[in-house]
Amino acid sequence: ANFDLMEAPAADDASAAAEIEAAPAREGGVAAADQAPAEPTAEPTAEGTAQAAPSSGAAEEKPKTLLQALGDQSNRDVAQQFAAFSGALAFLPILGLFASEYLLRSMVSDSNSRWMYSAIVAVLLVNLVLGAFVVHCFLEGFPDPDPAA
């Protein structure tokens, strides 16, 4: 038995689509293509007056891209600060690892112990950078809540 479901005759798809569109017309209804677009309805407001709902034809505001968002000066400053802390988080621990290993060569003769101490310094540097970022963010302050709300 051939159970290949991927190959269906194209005529069946077209006739099925035509059958679906014709069904409402046979039942006394109006096909979707023949219906007029719905008009916006008036919705009552708190004052009891009716206001027209916004039309669906109005141009919707497109979401901003990353480059458009960075064009704003306040966003650019935040992005620069974030990039600086990200760079510090990427490079300081690695530099600290190798620098502390080099400095410990004269004090610790065992290579495994020297790398372990250097790794501890690198982990401390990671925590130092993350802590500095959190403190920096809190020192920036918080936006004032909207007084009109």
With [X] via side-chain contact (heavy atoms from CB on, under 4.5 Å) - residues at least two apart:
{"X": "Leu124", "answer": "Ile120"}
{"X": "Leu130", "answer": "Leu89, Val126"}
{"X": "Thr65", "answer": "Leu67, Gln68"}

For this session: For residues 83-94, pull every pair meeting salt bridge (charged side-chain N to carboxylate O under 4.0 Å, His left out), keeping only residues two or more places apart or in separate chains.
Result: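 For residues 83-94: none.
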
Exercise. Which pairs with one or both residues in residues 121-142 pass salt bridge (charged side-chain N to carboxylate O under 4.0 Å, His left out), sequence neighbours excluded?
Worked result: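 For residues 121-142, and leaving out neighbouring residues, there are no salt bridge (charged side-chain N to carboxylate O under 4.0 Å, His left out) pairs at all.
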
By side-chain hydrogen bond (donor to acceptor under 3.5 Å, both in side chains), which residues pair with [X], not counting sequence neighbours?
{"X": "Ser113", "result": "Asp110"}
{"X": "Asp77", "result": "Gln73"}
{"X": "Gln81", "result": "His136"}

Problem set entry | Connected-component partners of Leu128 among ILVMFWY, side-chain separation under 4.5 Å |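 Traced through the cluster, Leu128 reaches Val121, Leu125.
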
For this session: Share the residues that join Phe98 in a hydrophobic cluster, the rule being Ile, Leu, Val, Met, Phe, Trp or Tyr side chains under 4.5 Å apart at the heavy-atom level.
Result: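 For the cluster that includes Phe98, the remaining residues are Ile94, Leu97, Trp115.
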
Problem set entry | Nearest-0.5 Å distance, CE of residue Met116 to CG of residue Leu104 |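 The distance works out to 10.5 Å.
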
For this session: Calculate, to the nearest 0.5 Å, the distance between atoms SG and CZ belonging to Cys137 and Phe82 respectively.
Result: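 With rounding to 0.5 Å, SG (Cys137) is 9.5 Å from CZ (Phe82).
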
For this session: Tell me, yes or no, whether the heavy-atom count around Tyr117 atom OH, taken from other residues, nucleotides or ligands under 6.0 Å, exceeds 12.
Result: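 It does not: Tyr117 OH has 12 such atoms or fewer within range.
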
For this session: Would you mind listing every side-chain hydrogen bond (donor to acceptor under 3.5 Å, both in side chains) that reaches into residues 90-105, with sequence neighbours excluded?
Result: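 Every side-chain hydrogen bond (donor to acceptor under 3.5 Å, both in side chains) pair that includes a residue of residues 90-105, provided the two are not neighbours, is Ser100-Ser118, Glu101-Arg105, Glu101-Arg114.
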
